[in-house]
Amino acid sequence: MGRNPVTWLGSPTFPNAARDALSDVQLRGNLAHATTTIRTKRAAAVSELPDWEELRRSGEAIKDDVLSNLDVYLERLEASVTARGGVVHWARDAAEANEIVLRLVREAGAEEVVKVKSMATAEIGLNEALAAGGVSAIETDLAELIVQLGDDRPSHILVPAIHRNRSEIRDIFRSRMSGVDDLSDRPAELAEAARAHLRRKFLSAKVAISGANFAVADTGSVVVVESEGNGRMCLTLPETLITVMGIEKLVPTWSDLEVFLQLLPRSSTAERMNPYTSVWTGVTPGDGPRRFHLVLLDNGRTTTLADRVGRQALRCIRCSACLNVCPVYERTGGQAYGSVYPGPIGAILTPQLGAGTDDPATAALLKSLPFASSLCGACYEVCPVRIDIPSVLVHLRGKAVSSAGATPEAVAMAAASWVMRSPTRFRLAQRAATVLRFVARRGRVKRLPWPASRWTDSRDLPVPPAESFSAWWRRTRG
């Protein structure tokens, strides 16, 4: 990880990464199959609820209330957690959060921790920070385990290993696990191999680390939803539980939580409810961990909150519905975004969380992400909390262009404006454009010299007609 752990160290800008991803036929096949399956099932699950739109609007309103009164709800949460035997820590950035967690793990006398799937810990690069401090972090979510054993990067919020097929997973397990030389690529055998690998880790771990899907401010309760049960093992067996949670994950009351427990499973796994919904409130003697620590993570969130347009990205409940309908994501995969948060939500969240970085390569990546979209609007249609992702994308594009100064695009737009302000200049430009007919192939112009190559590198150019509309009008109506 670099100085800004929201992105991966050395990641190229999105256009360059996407170009490489598009040439990977296996990747595109895996993604097309998986996203088509998920979005079809989601549509069926959502159609069962006649009040789905009302639920979306309720989720939007609750999240906006939280963001407008974040200080009040955070203080209420801290008081509630503390009253029930937990300890709350405040982390301004990734470095501070990692330092807190590493200190707590050392105080517990652990050299190895088990982890529940968590986007927040991936965002801050916790695994790498723990490894640098001599602590091994074991991912227990099956997809996260596949990514970890394969020395890979996740490519999806819900299904981090969506870019892998089962034959590739079998090869990873054979190379990194013991006693599985005869392992086939049957899903049941792969799951059993992972279960045997993780079982001894669960039984010996002193410390577990989790994220949080939600936290209820009124009671200090923390909620994690999952499909496998590995998280439940982490949340109950170890003596110490450390939860790292973004400060925006709050809901005020249990009634508010009920709304999101309907929205999230249908939008993510296309289920009516998650198979495992774990809720814990502080420390209960004789039941579960003896020590509970809650690390509240800012890491760019309060800066994002100050942007009246961009702040709606903080409504996100990490369902991944926007990824599964995005035509850009389906063709490039998540790794092309160079970020823990891929797809449409990553294109608006990552640039805001990472704003202010002083690393030129990271800054270039962040500026490129809002352009990783066709603005088709499908992401907004499926978002369970009604984040208007296309509007935020356009807003962030405007900020990127304004900060870039006299770019080739800005110069081209200024030149076009100058041409269009004069009827004479506009007619001359139309006539000059007809020369493109001589370099066209099958009705399209596929390659032009620089600086026009900036356009044709990404898209074809339609061939200008032999006669412009204005010329036709003068000839036939003049």
Side-chain angles (χ1 to χ4, degrees), residues 14-15 18 21-22 28 31-32 34-47 49-64 67 155-159 162 260 263-264 266-270 304 307-334 336-337 339 341-353 366-401 409 455 458-460 462:
F14 181 83
L22 288 170
R28 293 180 65 177
L31 289 168
T35 55
T36 299
T37 300
I38 295 172
R39 65 174 175 258
T40 301
K41 290 182 177 180
R42 176 207 163 275
V46 165
S47 67
L49 295 182
D51 61 344
W52 180 251
E53 284 305 311
E54 286 78 3
L55 280 170
R56 290 181 72 209
R57 291 185 181 277
S58 294
E60 175 188 16
I62 293 167
K63 278 293 187 177
D64 282 349
L67 295 177
S155 61
H156 193 278
I157 290 176
L158 176 67
V159 195
I162 195 173
F260 293 102
L263 288 170
L264 180 57
R266 283 180 166 83
S267 296
S268 57
T269 56
T304 304
D307 188 323
R308 291 190 175 275
V309 177
R311 67 189 299 179
Q312 60 185 292
L314 296 177
R315 292 185 205 148
C316 178
I317 58 175
R318 310 294 191 267
C319 70
S320 75
C322 62
L323 280 69
N324 299 326
V325 299
C326 178
V328 176
Y329 173 86
E330 183 178 317
R331 287 158 178 80
T332 64
Y337 293 80
S339 164
Y341 301 109
I345 187 61
I348 65 170
L349 184 60
T350 301
Q352 297 188 89
L353 295 182
L366 295 177
K367 287 183 179 180
S368 75
L369 289 178
F371 296 89
S373 170
S374 65
L375 298 180
C376 69
C379 49
Y380 176 49
E381 295 299 322
V382 299
C383 177
V385 288
R386 290 172 47 84
I387 302 172
D388 190 354
I389 294 178
S391 292
V392 182
L393 286 168
V394 172
H395 171 67
L396 295 177
R397 288 181 184 187
K399 295 176 71 171
V401 170
E409 181 182 36
W455 177 277
S458 304
R459 54 188 71 77
D460 293 342

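Remember, predicted model here, so these are calculated numbers, not experimental data.
- Taking 4.5 Å as the limit, every side-chain heavy atom of Leu369 sits out of range of all side-chain heavy atoms of Tyr341.
- Contact check for Cys379 versus Pro390: side-chain heavy atoms found under the 4.5 Å cut-off.
- For the pair Thr269 and Leu264, the minimum side-chain heavy-atom distance is 4.5 Å or more.
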For this session: Apply the test side-chain contact (heavy atoms from CB on, under 4.5 Å) to residues Ser373 and Arg397: give CA-CA distance (whole Å), side-chain angles for both, the deciding distance (0.1 Å), then the verdict.
Result: CA-CA 11 Å; Ser373 170; Arg397 288 181 184 187; 3.9 Å; yes
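- Between Leu393 and Pro370, the shortest heavy-atom contact is CD2-O, 3.4 Å.
- Taking all atoms of both residues into account, the shortest heavy-atom contact from Pro327 to Ser374 is CG-OG, 3.9 Å.
- Rounded to the nearest 0.5 angstrom, Leu31 CG and Thr36 OG1 are separated by 10.0 Å.
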Exercise. Can you check side-chain contact (heavy atoms from CB on, under 4.5 Å) on Leu323 and Tyr337, steps first, answer last?
Worked result: CA-CA 12 Å; Leu323 280 69; Tyr337 293 80; over 6 Å; no
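- In this structure the side chain of Asp307 reaches within 4.5 angstrom of the side chain of His395, judged on heavy atoms.
- Here the straight-line distance linking atom CD1 of Ile38 with atom CG of Asn324 works out to 4.5 Å at 0.5 Å rounding.
- A salt bridge links Arg56 with Glu53: at least one charged nitrogen is closer than 4.0 Å to a carboxylate oxygen.
- At a threshold of 4.5 Å between non-hydrogen side-chain atoms, the residues Gln312 and Val392 count as touching.
- Taking both residues in full, the closest heavy atoms of Ala18 and Thr332 are given as CB-CG2, 3.8 Å, listed atom of the first, atom of the second, then distance.
- The list of ring-ring contact (aromatic ring centres under 6.0 Å, His included) pairs with a residue in residues 309-331, not counting sequence neighbours, reads His156-Tyr329.
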Validation: residues 380-387 side-chain donor-acceptor distances under 3.5 Å, sequence neighbours left out:
unit_1: Tyr380; atom_1: OH; unit_2: Arg386; atom_2: NH2; d: 3.4
unit_1: Arg386; atom_1: NE; unit_2: Glu60; atom_2: OE1; d: 2.7

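- Scanning both residues, Leu158 and Cys319, for their nearest heavy atoms gives CB-O, 4.4 Å.
- Here the straight-line distance linking atom OG of Ser268 with atom CD1 of Ile317 works out to 7.5 Å at 0.5 Å rounding.
- Atom CD1 of Ile389 and atom CD1 of Ile348 lie 4.5 Å apart (nearest 0.5 Å).
- Ile157 has its side chain within reach of Ile345: a pair of non-hydrogen atoms, C-beta onward, lies under 4.5 Å apart.
- Between Ser267 and Trp52, the closest side-chain pair of non-hydrogen atoms falls below 4.5 Å.
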Exercise. Would Arg318 and Leu349 satisfy side-chain contact (heavy atoms from CB on, under 4.5 Å), going step by step from the backbone distance to the final call?
Worked result: CA-CA 11 Å; Arg318 310 294 191 267; Leu349 184 60; 3.9 Å; yes
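- Proximity of a side-chain donor or acceptor of Arg315 to a complementary backbone N or O of Lys63 within less than 3.5 Å is not detected.
- Looking only at side-chain heavy atoms (C-beta outward), Leu396 and Gln352 come within less than 4.5 Å of each other.
- Residue Leu22 holds its CG atom at 5.5 Å from CZ of Arg28, rounded to the nearest 0.5 Å.
- Scanning both residues, Ile162 and Thr35, for their nearest heavy atoms gives CD1-CG2, 4.3 Å.
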